[in-house]
Amino acid sequence: MKAVEKKNEDSAVTVLSFDTSTAAFAAAIVRNGERMDSTVSFTERNHSVRILSEIKDLLSRNGIQSKDLDAIAVGQGPGSYTGVRIAVTVAKTLAWTWNKPLVGVSSLESLALGAWNSLQKSDEYMADERKIWIVPVMDARRGQVYTSRYEATTSGEWSRIDSDGIRLIADWAKRIEEEATTDSQVAEVWFVGDLAVHQSAIELAEQSGARLRTMSFDMDAEAVGQLGEIRFRQGERADIHTFVPNYTQLAEAEAKLLAASRGE
Amino acid sequence: MNEQRDTSADSPKGDYVLLAIETSCDETSVAVVRNGREILSNVISSQIETHKQFGGVVPEIASRKHVESITIILEEALREANTSLEDIDAVAVTQGPGLIGALLVGVVAAKSVALALDVPLIGTHHIAGHIYANHLIGDIVYPAIALVVSGGHTEIVLLESEGKFRIIGRTRDDAVGEAYDKVARALQFPYPGGPYVDKLAQEATEEVVLPRSWLEPDSYDFSFSGLKSAVLSEINRSRMKGESPDFSALARGFQQSVIDVVTGKAIKAAKEFGARQMLLCGGVAANRGLRERLSSLCEEMGLPLLIPPNKLCTDNAAMIAAAADLKWRRGQFSSLDLKAEPILSLEDWSV
């Protein structure tokens, strides 16, 4: 990521990053935009069990102590409510106990950037000056996905087009296809993430226009750390006490209460 | 409570400070307790105003609220205790039973503090906490019988010796507090209605006598769903006759039935197991009618009774510290892989 090169060259930055918004537990230590070490596991469905042991191992096997950390970066969601709460609570509490700056990053943006990093490394990636859309996808049940859209270029630009939200995959894929077809600057469209149950909906959205490519991709905490580091260098700090997950929607009971109060 | 620190003097580790976290239901609580008995702070953030509008605790919302409050309450507890993080020797947390999503927030927060400070972690049983709340106000003499009455639990527990729990009776359906809340709803009180029913029963001049559910003669178990139905059918019967039901007489009838059965069984257990002390605990221990009856029954038989003040009866973290002290003094610590358990055996948690 070229954006990282905007950093102040004088100061090294070391970030502990992790995310539990998906089926993966992912943690990394990122120093100056580069992965120092990382871990990812799927063995335990309940991320709350191993998260602290994994973080402890990760730090100790790299000889990193809390005093060596400049910030803690965490995937703030969206994703599994319980899952996101685990990483957010750990991040808040570690940051509070160690008195470290806390930076929240979008779990969807992390997923998208991780996939983009991976695509850039692969040979099949074609060099092109035009834009590439990265559409991260996490299953949200009943045909819905947590998703957003990012735009990347090989010259290192990275920007968000749509905000994180919960959308129907069929409608969303159709919209992306139509917009990519009419925008001549878009060279490629990649749907990335947990695609197993949504592959067919994405294929159905493909008309004669833009090709919708897919790549199954698991959360990579290196991307969480890279995004966190950029924000940290830009002076962003989350308020530890008020920091909460981005659920993207009200709890069901709240939504019902709100609907009832509107007479729906 | 300084005068009661004498028994912890025999602790092999000397003076120590425990940070305790409780998030099993709808209260976010953090306490700082010295030597397992001396409360330096016990901060409780109740979500009750939030859950009122839903007529009960909504688990997802409870979990969200815990995340919003956790570090704020941690900080407040340390400040109130005039203690800094460096003074903390161990971290205790409610491991279960409780709402899983709510427990998880406390458990991962406690594990984070334990890792960050490199101090031991003590996973603690919520009911052991309610029982050992009594250790914050007095000395426990064994064998003891604990009557645990709360929104989620109704149990008679035998403690043959310190930290050894044996459940001899439990509810087969509703917990006492649950029955109170359901009856309160029928009597048109807002949630949580237990205290209203207690007050109305106290003030009543009439009583609609309702059945007592004693179950089998040798059983210490409870059942309250029939009693709740009896209240509902009395209300219906009055309405069908075109009369307005006498809510205060019903509240009294309900309360008398509950109190007769729970105190009757607790006293019987105390006799059978030769208890030298009775412990009343749990949120419903705040019920005045129950306190008064159990007090007079224990007095009659010369059985010492401990009842914590209301603040230590409802869910709070100081009681978790009091129970965790059992494990601290025996060096029984949890691993960082501690798992929150919605259902957790009290007997297995024994020292």
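Not measured: the values here are computed from a predicted model. Below, read A as the first sequence line, B as the second, and so on, with proteins coming before strands; counting in each chain starts at 1.
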Please say whether more than 12 non-hydrogen atoms of neighbouring residues, nucleotides or ligands are located less than 6.0 Å from [atom1] in [X].
X: Glu252(A); atom1: CD; value: no
X: Lys256(A); atom1: NZ; value: no
X: Asp239(A); atom1: CG; value: yes
X: Lys65(B); atom1: NZ; value: no

Region of [X] in contact with chain B, defined by heavy-atom distances below 4.5 Å:
X: Ile86(A); value: both
X: Val88(A); value: side chain
X: Ser53(A); value: both

Decide yes or no for Val108(B) and Thr93(A): does some side-chain heavy atom of the first lie under 4.5 Å from some side-chain heavy atom of the second?
no
Could you give the distance from CD (Glu254(A)) to OG1 (Thr50(B)), rounded to the nearest 0.5 Å?
8.5 Å
To the nearest 0.5 angstrom, please state how far the CG atom of Leu338(B) sits from the CG atom of Leu52(A).
10.5 Å
For the residue pair [X] and [Y], what are the closest heavy atoms and their distance?
X: Leu336(B); Y: Lys56(A); answer: CD1-CD, 3.9 Å
X: Lys92(A); Y: Val67(B); answer: NZ-O, 2.7 Å
X: Ala251(A); Y: Glu60(B); answer: CB-CG, 3.7 Å
X: Ile61(B); Y: Ala253(A); answer: CD1-CB, 4.1 Å
X: Leu250(A); Y: Arg64(B); answer: C-NH1, 3.7 Å

Cut-off 4.5 Å, heavy atoms of chain A, and the answer for Leu85(B) is side chain
Please classify the contact between Ile21(B) and chain A as side chain, backbone, both or neither, with a heavy-atom cut-off of under 4.5 Å.
neither
Strictly distance-based, threshold 3.5 Å: is any side-chain N or O of Lys111(B) a donor or acceptor partner for the main-chain N or O of Ser48(A)?
yes
For the candidates Ala109(B), Ala110(B), Ser69(B), which exhibits the highest count of non-hydrogen atom pairs separated by less than 4.5 Å from chain A?
Ala109(B)
Count the heavy-atom pairs under 4.5 Å between each of Ile100(B), Leu115(B), Leu104(B) and chain A, then report the option with the highest count.
Leu115(B)
